[in-house]
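In what follows, a structure is listed as structure tokens, so that the remarks can point back to it.
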Amino acid sequence: YYLKFPRPPAGGKSTNGFDKLTTGNIADLLEFEAAKVIDRALELSRGFGEKTLSSKSLLVALIEDNVMEKLFTRIIPTFSTVKKQLKEAVDNKMLYAGRFSIFRNWEVSSEVMQVLEEAMVLRDKHGGERISVLDITAAMFDHNDEFRQFIVNQDLNKEDLEELADWYE
């Protein structure tokens with residue numbers, strides 16, 4: 001897997017928190033399950049006709065993921081019902097989204113970079129070795145309005161998601 005991240009302008013300093021990454025490959029920082037979710041998000045991104053990976057594609061990939069579905073079902077017993085509503089809220093109309101890997105030289109939006117930066121902060125906070133799918137999920141709270149509203153409607157908040165990410169570790 002190779003996921004490119006923006007480089008700072010010539011002579012500029014990196015502000016994205018990935019400056020210690022020598023390979024230039026964000027996938028090196030992800031757990032396997034998180035890499036699978038990003039891979040699926042990239043497939044969806046192409047299907048949505050996006051030029052860069054958006055938080056919309058990432059959110060749809062997160063809620064489609066089997067591991068995430070099992071975890072959410074534990075904290076939200078009616079998750080299968082609300083999952084359908086959440087997918088409708090993010091307008092899950094794909095033009096094309098085949099099941100082949102496109103996790104190659106693909107750019108991510110600044111919004112998704114912020115999600116990954118925050119996920120890395122959460123990972124460091126609870127002492128994880130790599131960014132988990134739950135670190136990404138907790139970070140999504142501040143970067144996707146539909147997801148934030150979904151979580152709030154379940155009587156949960158960002159701290160609950162961070163606690164879940166810490167438990168998962």
Side-chain angles (χ1 to χ4, degrees), residues 1-9 11-42 44-45 50-72 74-76 79 86 89-90 103-169:
Y1 288 137
Y2 186 82
L3 180 61
K4 203 165 129 178
F5 63 91
R7 297 249 180 232
K13 292 197 175 191
S14 173
T15 58
N16 64 16
F18 295 103
D19 47 343
K20 293 188 172 112
L21 186 62
T22 58
T23 65
N25 184 4
I26 295 172
D28 290 343
L29 299 174
L30 302 172
E31 288 182 346
F32 179 73
E33 191 64 34
K36 278 181 23 183
V37 167
I38 296 289
D39 187 44
R40 179 64 180 143
L42 288 166
L44 291 167
S45 182
E50 300 171 341
K51 295 194 186 301
T52 60
L53 176 60
S54 71
S55 67
K56 173 185 169 182
S57 297
L58 182 56
L59 177 58
V60 173
L62 281 168
I63 61 176
E64 282 184 350
D65 183 65
N66 290 335
V67 169
M68 289 305 300
E69 184 164 1
K70 288 174 188 171
L71 289 168
F72 272 126
R74 285 184 163 195
I75 60 171
I76 306 168
F79 180 69
L86 181 59
V90 295
F103 202 100
R104 295 187 181 104
N105 275 331
W106 189 252
E107 299 286 336
V108 296
S109 67
S110 61
E111 183 180 41
V112 172
M113 283 305 300
Q114 291 171 355
V115 169
L116 292 173
E117 289 168 12
E118 191 171 327
M120 196 160 53
V121 168
L122 291 171
R123 175 208 63 189
D124 292 343
K125 188 175 169 181
H126 59 72
E129 188 176 319
R130 298 197 186 285
I131 297 170
S132 74
V133 69
L134 279 164
D135 293 330
I136 294 170
T137 302
M140 282 289 288
F141 185 87
D142 289 330
H143 300 280
N144 187 285
D145 293 333
E146 293 91 357
F147 182 65
R148 179 178 29 258
Q149 191 58 50
F150 165 72
I151 294 299
V152 169
N153 287 346
Q154 306 310 312
D155 292 324
L156 299 169
N157 59 35
K158 184 175 181 176
E159 290 76 30
D160 294 323
L161 295 176
E162 289 178 5
E163 222 174 278
L164 190 59
D166 188 32
W167 166 82
Y168 183 74
E169 217 29 67

Once rounded to the nearest 0.5 Å, what's the spacing between atom CG of L53 and atom CD1 of I38?
6.0 Å

Say whether Q149 and N153, considering side chains only, have a donor N or O and an acceptor N or O under 3.5 Å apart.
yes

Nearest 0.5 Å, please: how far is CD1 in I151 from CG in L161?
4.5 Å

Tell me the closest heavy-atom pair linking S54 and S109, and the distance in Å.
CA-OG, 3.9 Å

For D160, give me all partners under side-chain hydrogen bond (donor to acceptor under 3.5 Å, both in side chains), at least two apart in sequence or on another chain.
none

Look at the aromatic rings of F72 and F79 and report parallel, tilted or perpendicular, splitting at 30° and 60°.
parallel

Heavy atoms only: give me the nearest A139-V115 pair and the separation to one decimal.
CB-O, 3.3 Å

Answer yes or no: is there a side-chain heavy-atom contact under 4.5 Å between M68 and L134?
yes

I'd like to check K36 versus V67 (side-chain heavy atoms, cut-off strictly below 4.5 Å). Are they in contact?
no

As an exercise, state the distance from CG of D166 to OG of S132, rounded to the nearest 0.5 Å.
10.0 Å

State which residues pass side-chain hydrogen bond (donor to acceptor under 3.5 Å, both in side chains) with E118; sequence neighbours excluded, sorted by chain then number.
H143, K158

Between A41 and S57, what is the shortest heavy-atom contact and its length?
O-CB, 3.5 Å

Enclosure of E163 CD (heavy-atom neighbours >12, cutoff 6.0 Å):
no

Is E50 paired with K56 through a side-chain N to carboxylate O contact shorter than 4.0 Å?
no

Name of the residue among L62, L59, V37, D65 meeting side chain to side chain contact (heavy atoms under 4.5 Å, CB included) with T137
L62

CD on E111 to CG on N144, rounded to 0.5 Å
7.0 Å

Do I136 and L116 come close enough that some side-chain heavy atom pair is under 4.5 Å?
yes

Taking all non-hydrogen atoms of both residues into account, name the closest pair between R130 and D135 and its distance.
O-OD2, 3.9 Å

Rounded distance (nearest 0.5 Å) linking atom CG of D124 with atom CD of E129:
11.5 Å

